[in-house]
Amino acid sequence: MPNFTRKAIKESFLKLLSQRPLSQITVKDIVEDCGINRNSFYYHFADLPALVEEIGGEMVSDLMARYPTISSVEQSFDAVVDFLAQNKRAIYHIYNSVSRDIFERHMMELCHYVAAAYIEAAMDGQPPEDIAVLVRFHRCACFGTVIDWLNSGMKDDIAAYFRQICRLRPGWPTPRQSDTSLSRV
């Protein structure tokens with residue numbers, strides 16, 4: 001039963017977060033929405049930031065499981081776009097809240113994963129220090145692009161932007177021939 005309650009709390013929180021900013025959501029709102037008492041909430045989570053932390057970590061872990069390997073730049077961007085598209089308004093509300101650091105940490109973790117998975121496969125056999133430099137560069141480029149997009153109010157089509165980067169930057173190393181379309185966009 002505790003897993004059911006924990007899941008209900010997360011679902012209620014995400015539902016509320018898609019409707020309004022994090023600063024306007026209280027524990028009372030969540031427990032009323034999912035039909036539990038406050039003690040049940042606090043049995044599962046210390047506070048709202050702990051809830052945000054767990055949901056963010058789960059989202060990143062789920063995406064990493066969906067992309068166990070990344071064989072192209074397009075696929076790495078696809079993973080990031082998937083993350084952003086899952087709960088666009090919720091992500092925007094968390095980003096514009098006091099819990100922004102939690103979002104940024106998880107976003108950096110995802111950007112690191114996709115950059116490392118791609119670069120390590122594409123540059124297999126290259127010196128580890130070269131791989132590390134490229135992973136860091138691609139991680140930061142991806143993270144910076146997402147942050148810029150969030151700062152602009154998420155108005156642009158980030159998937160189209162990533163596709164344009166791939167079109168303008170031909171010749172990126174790939175471990176094997178891959179589909180150049182973003183299938184999940």
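Here the structure is a predicted model, which means the values were calculated and not measured. Residues: numbered from 1 along the sequence shown. Side chains are part of it too, since the values below use all heavy atoms of this structure and drop only hydrogens, waters and symmetry mates.
- Under the 4.5 Å side-chain criterion, counting only non-hydrogen atoms from C-beta, Asn96 is not in contact with Pro21.
- Closest non-hydrogen pair, Trp149 versus Lys88, comes out as CZ2-CE, 4.0 Å.
- Residue Tyr42 holds its OH atom at 11.5 Å from CG of Asn37, rounded to the nearest 0.5 Å.
- Shown here for Thr5 and Ser40, the closest heavy-atom pair between the two residues is CG2-CB, 4.4 Å.
- The OG atom of Ser97 sits 10.5 Å away from the CZ atom of Phe103 when rounded to the nearest 0.5 Å.
- In plain terms, the two heavy atoms of Gln24 and Asp29 that are nearest each other are O-OD2, 3.4 Å.
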Steps toward side chain to side chain contact (heavy atoms under 4.5 Å, CB included) verdict (Tyr95, Asn151): CA-CA 9 Å; Tyr95 179 72; Asn151 284 333; 2.7 Å; yes
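- Evaluation of the salt bridge (Lys or Arg N to Asp or Glu O under 4.0 Å) test over residues 134-145, restricted to residues two or more places apart or in two chains, returns none.
- Within the 4.5 Å cutoff, the side chain of Asn3 has no heavy atoms near those of the Lys7 side chain.
- Hydrophobic clustering (ILVMFWY, side-chain heavy atoms < 4.5 Å, transitive): Tyr161 and Ile147 are in one cluster.
- Two residues are said to be in side-chain contact when any heavy atoms from C-beta on lie closer than 4.5 Å; Val98 and Ser23 fail this criterion.
- No donor-acceptor distance shorter than 3.5 angstrom exists from the side chain of Asp156 to the backbone of Ile158, with no hydrogens or angles considered.
- The nearest pair of heavy atoms linking Ala121 to Ile70 is CB-O, 4.2 Å.
- Asp148 and Thr145 share no donor-acceptor pair across their side chains, judged by distance under 3.5 Å alone.
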task: Take Ile55 and Ile94 through the side chain to side chain contact (heavy atoms under 4.5 Å, CB included) test and state the conclusion after the steps.
output: CA-CA 11 Å; Ile55 290 171; Ile94 291 171; over 6 Å; no
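- Partners of Phe13 under the ring pair (Phe, Tyr, Trp, His ring centres under 6.0 Å) rule, at least two apart in sequence or in another chain, do not exist in this structure.
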- request: Could you check Met107 against Leu110 for side chain to side chain contact (heavy atoms under 4.5 Å, CB included), going step by step and ending with a plain yes or no?
  value: CA-CA 5 Å; Met107 190 69 227; Leu110 178 61; 4.1 Å; yes
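- Annotation: the span from Glu54 atom CD to Phe45 atom CZ amounts to 4.0 Å, rounded to 0.5 Å.
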task: Apply the test side chain to side chain contact (heavy atoms under 4.5 Å, CB included) to residues Arg89 and Gln19: give CA-CA distance (whole Å), side-chain angles for both, the deciding distance (0.1 Å), then the verdict.
output: CA-CA 8 Å; Arg89 287 184 55 93; Gln19 298 168 356; 5.9 Å; no
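- Annotation: the span from Cys111 atom SG to Glu104 atom CD amounts to 11.0 Å, rounded to 0.5 Å.
- Ion pair Glu109/Arg105 not flagged as a salt bridge, since none of the NZ, NE, NH1 or NH2 atoms sits closer than 4.0 Å to an Asp/Glu carboxylate oxygen.
- Side chain of His93 to main chain of Leu17: a donor-acceptor pair is present (N/O by atom type, distance under 3.5 Å, no hydrogens or angles).
- Between Leu48 and Ile25, the shortest heavy-atom contact is CD1-O, 3.3 Å.
- In this structure, Leu51 CG and Arg6 CZ are separated by 8.5 Å, a value rounded to the nearest 0.5 Å.
- With Ser61 contributing its side chain and Gly57 its backbone, the two residues share a donor-acceptor pair below 3.5 Å.
- Under the 3.5 Å distance criterion, the side-chain polar atoms of Tyr113 are matched with a main-chain donor or acceptor of Tyr67.
- Summarising the geometry of His112 relative to Val135, their closest heavy-atom pair is CE1-CG1, 3.7 Å, with the distance given to 0.1 Å.
- Within the structure, salt bridge (Lys or Arg N to Asp or Glu O under 4.0 Å) contacts touching residues 33-43 (residues at least two apart or in different chains) are Lys15-Asp33.
- Here the CD1 atom belonging to Ile165 is positioned 8.0 Å from the CG atom belonging to Leu168, to the nearest 0.5 angstrom.
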